[in-house]
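Written out below as structure tokens is the structure these notes cover.
What you see is a predicted model, and the numbers here were worked out from it, not measured in a lab. What you see below is based on every heavy atom in this structure, not just the backbone, and it leaves out hydrogens, waters and symmetry mates. The residues of the chain are indexed from 1 along the displayed sequence.
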Amino acid sequence: MAKQNVAEQFVDILVRAGVERLYGVVGDSLNPVVDAVRRNSGIDWVHVRHEETAAFAAGAEAQITGKLTACAGSCGPGNLHLINGLYDAHRSMAPVLALASHIPSSEIGLGYFQETHPDQLFRECSHYSELISSPQQMPRLLQTAIQHAVGRSGVSVVSLPGDIADRPAPDKPLETALVTSRPTVRPGDAEIDQLVRMIDAADKVTLFCGSGTAGAHAEVMEFAEKIKSPVGHALRGKEHIQYDNKFDVGMSGLLGYGAAYEATHECDLLILLGTDFPYNAFLPHDVKIAQVDVRPEHLGRRSKLDLAVWGDVRETLRCLIPRVRTKENRRFLDKMLKKHADALEGVVKAYTRKVEKHVPIHPEYVAAVLDELADDDAVFTVDTGMCNVWAARYITPNGRRRVIGSFSHGSMANALPMAIGAQFTDRRRQVVSMSGDGGFAMLMGDFLTLVQHDLPVKVVLFNNSSLSMVELEMLVAGLPSYGTENKNPDFAAVAQACGAYGVRVEKPKQLAGALKDAFKHKGPALVDIVTDPNALSIPPKISAEMVTGFALSASKIVLDGGVGRMLQMARSNLRNVPRP
């Protein structure tokens, strides 16, 4: 049997760790690893057109599966392209292993062609970033990188010179057990005791939930029922907590709606569950706050805490539910439910008048129709910008759908690459990329990746020929829009030229049929929808508060708009309010 080289050993360890795909672009220093992948039946090479796409795709796959994924870039400029997608994966707590291949080891530090220092470059967007400088390092160093990525839920980067990858591997490497899943973390008894006392002493408690409530929906609902608490959520918590939720009071933040803001400010005790909600201006300063998070570094970095609880949300609630006293008074909960329904009733009217005849098409109407027609277990990948607004307001969660985007990093052009990673996890599952024209055009080359791998992703393109979120930011700052206009092609024709299904929609009556046809198509498809660039409810004048940026009052005025089926959900929840 031929002796393994380092690249083959590297790939074998990835396979043992459960990695099924390596996303990347081939090239020089990476060639030994790519060849090792070619000869290993346990892993596939996914050829993309841009390394940034590789990192976004790996991050999306990790978010869908919860398992370790991997991407790779060749030396210098190649691996440098990974950095934006890796930042996003790291901030989304997605376990990703990135291979940054490197120049010949004997040339490092001598200004060689394409020289960078990837072990240093990636340190800010990873838990672990190290250079392999000898074959003897590789097995242990890669194992350590994997354990960092999985154990701490984020990115690890291994820099590997091409000549080292091609050298013989050490004889009989140790078959060390690999960490491939994370444990649950139970808080200490002292923190549980203190939190029970705080909850029992408070008359009005509000729960505000983030992505850390994934897998804890039942426990959150049982807890809210016992303490008669309204339940609000951040954008990343929406898919995990809003469905089947008779305590729902909406979302807070820049894209917020409903009564979540009021519920978090009018309570006696606010409990933050698994959220690293970034906008401290939306959090109260004069109520008691307790925070539960599995990442201790998240505790207290957004607001002053009265109690920090280090633990998994589900395990923490399982400790709390039997111990807290049942609250009988639901006046605060009922008041917030009514405020929520009233708030949604007010904003929905702006987009219920003649939208089915409006040309250019209202993007809200597009999102509402998409929500109705998409599968109950669809995965939606969402571009940063106005697509975030439409997804937040119109895509209805149900416990089976997934909605992922660059919600923490806020990168443009993320939706299409994320759809690639999501679709590879299950070719039979419907994956919809909600793309803006600006984001789609930025990494449009990877539409060819859909065609090359015959991935049945459906790109729903909100094409308003502008960077409309940036226009909104300029408006809020009191500035005229400048540099935001896009001169776009017929994207449907571009899709057809690439060998995919493409259709352009300019009138509302064409929309439903176009989406249905695209969803029925077995391969990749693009629906280019010409939407109204002036769809937002724009205030008649710019106030002094707006000039400071996205202040609360500005965002509530500027971003108040349609809310899709959430009004129906709020009305349904009101039926649960006891009548006097």
Side-chain angles (χ1 to χ4, degrees), residues 186-187 189-210 212-213 216-233 237 240-252 258-275 283-284 286-292 305-309 311-345 566-580:
R186 182 195 181 281
D189 290 335
E191 287 74 26
I192 292 292
D193 291 343
Q194 190 174 348
L195 186 52
V196 168
R197 289 193 294 270
M198 292 174 70
I199 294 167
D200 287 347
D203 292 326
K204 300 178 292 184
V205 182
T206 292
L207 305 180
F208 186 68
C209 303
T213 57
H217 183 275
E219 287 78 7
V220 174
M221 296 304 109
E222 184 179 358
F223 186 53
E225 176 68 60
K226 191 163 188 180
I227 65 172
K228 305 301 182 288
S229 170
V231 178
H233 58 269
H240 305 298
I241 215 68
Q242 190 189 36
Y243 68 95
D244 295 338
N245 180 359
K246 62 184 181 180
F247 312 100
D248 178 45
V249 292
M251 190 171 83
S252 193
Y261 181 86
E262 288 80 0
T264 56
H265 283 71
E266 297 180 23
C267 59
D268 301 322
L269 173 63
L270 172 62
I271 304 178
L272 306 175
L273 294 176
T275 179
L283 293 173
D286 55 354
V287 303
K288 289 186 177 180
I289 301 178
Q291 183 178 359
V292 179
L305 298 182
D306 295 275
L307 179 63
V309 180
D312 175 83
V313 170
R314 184 167 63 175
E315 291 303 311
T316 302
L317 294 181
R318 286 177 174 177
C319 294
L320 288 173
I321 289 169
R323 298 184 56 184
V324 296
R325 289 200 300 267
T326 300
K327 296 185 186 296
E328 304 298 337
N329 186 339
R330 52 178 291 151
R331 283 196 298 269
F332 177 62
L333 171 60
D334 294 343
K335 177 184 175 184
M336 290 300 114
L337 290 175
K338 188 173 188 310
K339 275 193 173 186
H340 180 57
D342 290 346
L344 297 188
E345 188 85 50
M566 283 180 279
L567 178 58
Q568 284 70 36
M569 287 190 284
R571 286 171 174 159
S572 177
N573 287 343
L574 274 181
R575 297 189 198 109
N576 299 310
V577 176
R579 302 301 176 191

State, to 0.1 Å, how close [X] and [Y] come at their nearest heavy-atom pair, and which atoms those are.
X	Y	result
Ser252	Ala260	N-CB, 3.7 Å
Thr316	Gly311	OG1-C, 3.9 Å
Ser229	Val205	OG-O, 2.9 Å
Val313	Ala216	CG1-CB, 4.2 Å
Arg314	Asp312	N-OD2, 3.0 Å

Query raised in the report: Between Thr206, Thr326, Val324, which is the residue that forms a side-chain contact (heavy atoms from CB on, under 4.5 Å) with Ile227?
Result: Val324

[X]: which residues meet the side chain to side chain donor-acceptor pair (under 3.5 Å) condition with it, sequence neighbours left out?
X	value
Asn329	none
Glu219	Arg318
Asp193	Arg323

[atom1]/[X] to [atom2]/[Y] distance, rounded to the nearest 0.5 angstrom?
X	Y	atom1	atom2	result
Cys267	Leu333	SG	CG	12.5 Å
Gln291	Ile271	CD	CD1	11.5 Å
Leu307	Ile192	CG	CD1	9.0 Å
Leu305	Leu272	CG	CG	7.0 Å
Leu317	Glu222	CG	CD	9.0 Å

Output all residues satisfying side-chain contact (heavy atoms from CB on, under 4.5 Å) with [X], sequence neighbours left out; order by chain, then residue number.
X	result
Arg325	Asp200
Glu225	Lys228, Lys246, Phe247
Ala201	none
Lys339	Ala259, Glu262, Glu266, Lys335, Met336

Pairwise side-chain contact, [X] with [Y], heavy-atom cut-off 4.5 Å (strictly under):
X	Y	value
Phe223	Ile199	yes
Asp248	His233	yes
Thr264	Leu283	no
Phe332	Asp203	no
Val287	His265	no

Query raised in the report: Between the side chain of Asp306 and the main-chain N/O of Ala290, is any donor-acceptor distance below 3.5 Å?
Result: no

Query raised in the report: Any donor and acceptor pair, going by atom type alone, linking the side chain of His240 with main-chain N or O of Cys209 inside 3.5 Å?
Result: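 Pair absent, no side-chain N/O of His240 close to backbone of Cys209.
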
**Report entry** Under the salt bridge (charged side-chain N to carboxylate O under 4.0 Å, His left out) test, residues paired with Asp189 that sit two or more places apart
**Finding:** Arg186

Report task. Assess whether atom NZ of Lys226 is packed by more than 12 heavy atoms of other residues, nucleotides or ligands within 6.0 Å. Result -> yes

Requested in this report: Quick one: do Met221 and Asp244 satisfy side-chain contact (heavy atoms from CB on, under 4.5 Å)? Show the steps, please.
Outcome: CA-CA 9 Å; Met221 296 304 109; Asp244 295 338; over 6 Å; no

